[in-house]
Amino acid sequence: MHGPAFAADPATTYRRLRAHGPTAPVELAPGVKATLVTSYEAALHVLRGTETFSKDPRRWNDLNNGVVPMDSPVVPMMMYRPNALFTDGEEHRRLRGAITDSLARVEPNTLRDYVERSADTLIDRFAPTGEADLLGEYAQVIPLLVFNHLFGCPADYGLKLVEGMSGIVDGVDAAKCDELLTSTLVDLVRLKRRQPGPDVTSWMAAHPAALTDEEMVHSLVVLLGGGTEPQQNLIANGLCLLLSDDRFAGDLSGGSLPVDDALDEVLWTDPPLANYAVHYPRRDVLYEGVLLKEGDPLVVSLAAANTDPALRNDQRAGNRGHLAWGAGPHNCPAQNEARLIASVAVEKLLDRLSDVELAVPVGELEWRPGPFHRALAALPVTFPPAPVVGASIDDPGSPMPRSTGPYGLRPGARGPAEPAHPKNGWARLLAWWRGE
């Protein structure tokens, strides 16, 4: 499940694995073995089976025994951290309570307004040019802006956090990126202990759960992991679907914006976090004739479960029975906020840019390798140049320097050149944040 072949066509891999039954042996990274859960029924069995399956990675046999080295690219995504994602029972409820109670203080209308203003600010930077990479210049940046705003995060901190999380999910320099992520979060927690404000970080620090600094840091890892990388993929994958699938693209030309239907389709068929929700059997378990050994990782394929042939897949619009947000006690605590951000971002982009089109055929788009996510490397588009609206957000910055698009395109050009890795955009973003 690593390498470009899986990234380009994961559906074929899922079909092949289903021949093994509801679970199948896989390799997440070189030498990292796991069992992938591919059926919808089995996924629910694992996600809800707290008496049988644990979330605590300290049970992971191969990591404990040195079979999986600590520098494996998947370890930062799977190793134990003292937060709600990797704990069970009462400890999980205490840590999750601090998150859910703090997120509940975020006012939806205020969040919508900030996303709209952020979207307008970003669109203003490329609207007059007639071309853009909607991943690097839009979908990646909106979650960064929202995270910084909601968590009271200084701009430079936010950029380091998202760069660190992106590297961890990609499995590129994962250990180094984990160090960057952790050290930056330590600085943020210390800052908010000294100077609390009306933000999620400060609310978590003051919560009756009395989180330690270490618990604060790793609780923020959960929120950052769910609020940036998957969020950008949901926005980008939704835009890609709307611009390439005749079921939706036809409605766009008629003035209709079926954004909610498109997001539902993405969450069913291309969920931004495709394979994760790692569990460990508390004891040897025989499931559908397959022995699941105590302490061996079970990775739930949310994407494979959602597309299980046993399900009726012809009526997805408005159907929220997918597993993209997980299920059971560890389901995503911020799914309402995530959907609102994605919906507003997509609607605003399509409203501002008329006749936007993919700059390359959809089959030529590159997908980033990695066992966990479903993520584009770039989303190049062209459109008739549009006027700016003069939007601004609280953070100052001069226009991002631009020359050609991510595929070396000028407005109206066609045909791919060498695509840029997402990290190539971080330097430009940092320059923008600093007003350089």
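Here the side chain of Thr182 pairs no donor or acceptor atom with the backbone of Glu179 at under 3.5 angstrom. In this structure a side-chain-to-backbone donor-acceptor pair under 3.5 Å is missing from Glu364 to Pro361. The backbone N or O of Leu379 lies less than 3.5 Å from a partner atom in the side chain of Asp133, making a donor-acceptor pair.
Under the 3.5 Å distance criterion, with hydrogens and angles disregarded, a donor-acceptor pair is assigned to the side chains of Thr307 and Arg18. In this model, a donor atom of one side chain and an acceptor atom of the other lie less than 3.5 Å apart for Arg59 and Ser54.
In this structure, Phe372 has its ring center under 6.0 Å from that of Tyr276.
Two residues are said to be in side-chain contact when any heavy atoms from C-beta on lie closer than 4.5 Å; Thr110 and Val106 fail this criterion. When side chains are defined from C-beta on, Val300 does not count as touching Asn275, because their heavy atoms never get closer than 4.5 Å. Put simply, the side chain of Val68 reaches to within 4.5 Å of the side chain of Val75, judged on heavy atoms. Side-chain contact between Met78 and Pro297 is present, with heavy atoms from C-beta onward closer than 4.5 Å. Pro25 is not listed as a side-chain neighbour of Thr35, based on a closest heavy-atom distance of 4.5 Å or more. Residues Thr87 and Pro82 have side chains not in contact (no heavy-atom distance under 4.5 Å, counting atoms from C-beta outward). Side-chain contact between Val381 and Glu131: absent, with no pair of heavy atoms (C-beta onward) separated by less than 4.5 Å. Between Pro380 and Leu134 the shortest side-chain heavy-atom distance does not fall below 4.5 Å.
With respect to the salt-bridge test (charged N to carboxylate O, under 4.0 angstrom), the residues Asp296 and Lys33 do not qualify. We find that Glu229 and Arg368 are joined by a salt bridge, their nearest charged nitrogen and carboxylate oxygen being less than 4.0 Å apart. Arg339 has a carboxylate O that lies under 4.0 Å from a charged side-chain N of Asp264, or vice versa, which qualifies the two as a salt bridge. A salt bridge links Arg81 with Asp178: at least one charged nitrogen is closer than 4.0 Å to a carboxylate oxygen.
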Practice prompt. For the pair His45 and Phe53, evaluate ring pair (Phe, Tyr, Trp, His ring centres under 6.0 Å) and give the outcome as yes or no after the intermediate values.
Written response: CA-CA 9 Å; His45 179 73; Phe53 303 102; 5.7 Å; yes
Practice prompt. Might you work through the side-chain contact (heavy atoms from CB on, under 4.5 Å) test for Arg352 and Asp124, ending with a clear yes or no?
Written response: CA-CA 9 Å; Arg352 287 282 308 275; Asp124 276 354; 2.7 Å; yes
Discussion item. Before you tell me yes or no, could you show the steps for Trp367 and Leu376 under side-chain contact (heavy atoms from CB on, under 4.5 Å), namely the whole-Å CA-CA distance, both residues' side-chain angles and the distance that decides it to 0.1 Å?
Written reply: CA-CA 4 Å; Trp367 296 87; Leu376 285 162; 3.6 Å; yes
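Between the NZ atom of Lys176 and the CG atom of Leu181 there is a distance of 14.5 Å, given to the nearest 0.5 Å.
Of the residues Leu292, Leu47, Leu298, the one that meets the side chain to side chain contact (heavy atoms under 4.5 Å, CB included) test with Val37 is Leu298. Residue Lys192 is tested with Asp199, Asp187, Thr201 for a side-chain hydrogen bond (donor to acceptor under 3.5 Å, both in side chains); the sole match is Asp199. Exactly one of Met77, Met1, His2 qualifies for a side chain to side chain contact (heavy atoms under 4.5 Å, CB included) with Leu28. That residue is Met1. Each of Leu150, Val200, Leu223 was scored for a side chain to side chain contact (heavy atoms under 4.5 Å, CB included) with Ser102, with one residue passing: Val200.
Under a cut-off of 6.0 angstrom, the local environment of CD in Glu41 is sparse, with at most 12 non-hydrogen atoms contributed by other residues, nucleotides or ligands.
In this structure, Trp60 and Tyr280 have tilted ring planes: the angle between them lies in the 30° to 60° band. Ring-plane geometry between Trp325 and His322 is classed as tilted, the angle between the planes lying from 30 to 60 degrees on a 0 to 90 degree scale.
Remark: Arg58 qualifies as a cation-pi partner of Tyr80 under the 6.0 Å distance and 45° angle criteria applied to the six-membered ring.
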